[in-house]
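Notes follow once the structure below has been shown.
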Amino acid sequence: MMVPCISNPVSFYKLSLQWPPSACSSGKMKCPNPLPPPYNQMLTIHGIWPQDVNDEPLDPYDPLHPCTPVPPPDRKNLRTLLKPIYQQLNTYWPDLKNPLDTFANEIFWGHEWDFHGKCSDYPTDPLKYFDSAVKIRVGLPDFGLKSGDKKTAGQVITLVSGFVHATPEIACNRNITTRVIQLWEIRLCYDRPSPQGLIQHIRDCPSKFTGSCKNAQNTVTIP
């Protein structure tokens, strides 16, 4: 059963899809080199984040300052609770530092649960929380992204909008070696779910660009 948060109320959700070669070449994480297929040519889930009315992420769950009156399940129970979608999670929501290591993936899911899931609309139902992201991702293309492409940030917005019929947020970073601006993440925004439902109704994101993407004219590389 979904239990509404009692503090920091959710306004909407942001599904963050990352382009692994960009995430791995920014210097912020150590990934296998080269990345194993299919992760060198597909968007993977970074997280699905409850945001407040100011487009800020909600504070993580704290027993001393709870966002829900019912203590959420502990991350150590996720393997059992997520069993129905375990294989899909391994495919679409890997830890890019060790994408073929199921134990590493479980640690990543646990982190996302602790920092975002526990104060979502699913504090007692992690299966629905994670399944919302998986079902959205399974239904999405990779938007025709290919390594070696160069586009303006505005062109990426237009490309994605044509598929989802809503305005995304584009996040960019810089290659640690070349300092080239890269397309890092495509973030899609969704309304709060109806009671007992999954997150599924897309909406425009409040902002279009973040990170090293400053405006529509920025040229971004897809590594």
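Just so you know, these numbers come straight off a predicted model, no measurement behind them.
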Validation row: Cys189, Pro206 side chains within 4.5 angstrom (heavy atoms): yes

Any donor-acceptor N or O pair under 3.5 Å, side chains Ser207, Glu169: yes

Check against side-chain hydrogen bond (donor to acceptor under 3.5 Å, both in side chains), Gln87 and Tyr92: CA-CA 9 Å; Gln87 288 306 117; Tyr92 293 104; over 6 Å; no

Asn105 versus Asp95, side-chain donor and acceptor atoms under 3.5 Å: no

Stepwise salt bridge (charged side-chain N to carboxylate O under 4.0 Å, His left out) test for Asp62 and Lys118: CA-CA 9 Å; Asp62 181 344; Lys118 289 182 176 180; over 6 Å; no

Sidechain-backbone polar pair: Thr152 side chain, Gln217 backbone, donor-acceptor under 3.5 Å: no

NZ/Lys208: more than 12 non-hydrogen atoms of other groups inside 6.0 Å: no

Tyr86 reachable from Leu100 in the ILVMFWY side-chain graph, under 4.5 Å edges: yes

Any Asp131 side-chain heavy atom under 4.5 Å of Ile85 side chain: yes

Short side-chain to backbone donor-acceptor contact, Ser161 and Ala166, under 3.5 Å: yes

Atom pair CD/SG of Gln182 and Cys172 - distance to nearest 0.5 Å: 9.0 Å

Same cluster (ILVMFWY, side-chain, under 4.5 Å), Leu78 and Phe103: no

Within-4.5 Å side-chain heavy-atom neighbours: Asp59 and Cys67: no

Between Gln88 and Trp93: side-chain donor-acceptor atoms closer than 3.5 Å: no

Reported OH-to-CG distance for the pair Tyr61 and Asp114, which is rounded to 0.5 angstrom: 11.0 Å

Check: Asn54 side chain, Glu56 main-chain N or O, donor-acceptor pair, under 3.5 Å: no

Shortest non-hydrogen contact between Leu58 and Gln51, atoms and distance: CD1-C, 3.5 Å

Leu96 and Met29: CA distance, side-chain angles, deciding distance, side-chain contact (heavy atoms from CB on, under 4.5 Å) verdict: CA-CA 8 Å; Leu96 296 178; Met29 70 170 79; 3.9 Å; yes

Distance in Å, Gln18 CD paired with His46 NE2, rounded so as to fall on 0.5 Å steps: 5.5 Å

Worked check of side-chain contact (heavy atoms from CB on, under 4.5 Å) between Leu17 and Leu140: CA-CA 11 Å; Leu17 303 173; Leu140 290 172; 3.8 Å; yes

Backbone of Leu145 reached by a side-chain donor or acceptor of Asp142 within 3.5 Å: no

Test item: Thr178 side-chain N/O and Val180 main-chain N/O as donor-acceptor pair under 3.5 Å: yes

Distance in Å, Ser120 OG paired with Glu112 CD, rounded so as to fall on 0.5 Å steps: 11.5 Å

Minimum-distance pair of heavy atoms, taken over all atoms of Leu159 and Phe163: O-CD1, 3.2 Å

Student check: side-chain heavy atoms of Cys24 and Tyr39 closer than 4.5 Å: no

Phe108-Leu81 co-clustered via ILVMFWY side chain contacts under 4.5 Å: no

Side chain Lys76, main chain Pro73, donor-acceptor under 3.5 Å: no

Exercise: identify the closest heavy-atom pair between Leu188 and Pro168: CD2-CB, 3.7 Å

Nearest non-hydrogen partners of Leu35 and Pro21, listed with the distance: CD1-N, 3.8 Å

side-chain contact (heavy atoms from CB on, under 4.5 Å) between Arg75 and His111, intermediate numbers included: CA-CA 8 Å; Arg75 63 189 298 171; His111 170 86; 4.3 Å; yes

Shortest non-hydrogen separation from Lys97 to Pro99 and the atoms involved: C-CD, 3.8 Å

Polar side-chain atom of Arg137 near backbone of Thr44 as donor-acceptor pair, under 3.5 Å: no

Derivation and outcome, side-chain hydrogen bond (donor to acceptor under 3.5 Å, both in side chains), residues Ser132 and Gln200: CA-CA 7 Å; Ser132 290; Gln200 58 183 324; over 6 Å; no

Residues Asn218, Phe209; criterion side-chain contact (heavy atoms from CB on, under 4.5 Å); working and verdict: CA-CA 10 Å; Asn218 280 134; Phe209 307 108; over 6 Å; no

Residues Tyr129, Asp121; criterion side-chain hydrogen bond (donor to acceptor under 3.5 Å, both in side chains); working and verdict: CA-CA 8 Å; Tyr129 172 75; Asp121 282 295; over 6 Å; no

Donor-acceptor contact present, side-chain Asn173 to main-chain Trp184, <3.5 Å: no

Close side-chain approach of Pro34 to Asn40, heavy-atom, < 4.5 Å: no

Under 3.5 Å donor-acceptor, Asp52 side chain and Asp55 backbone: yes

Path from Val10 to Val53 over hydrophobic side-chain contacts below 4.5 Å: no

Row check, Tyr190 ring normal vs Arg203 NZ/CZ: under 6.0 Å, within 45°: no

Approximate separation, where rounding is to 0.5 Å, of Gln41 CD and Trp19 CH2: 4.5 Å

Leu183 vs Ile170 side-chain heavy atoms within contact, under 4.5 Å: yes

Nearest heavy-atom neighbours spanning Leu82 and Phe130: CD2-CD1, 3.7 Å

Validation row, ring centre Tyr122 to ring centre Trp113 under 6.0 Å: no

Ile202 reachable from Val156 in the ILVMFWY side-chain graph, under 4.5 Å edges: yes

Value rounded to 0.5 Å, distance of CG in Asp125 from CD in Gln196: 8.5 Å

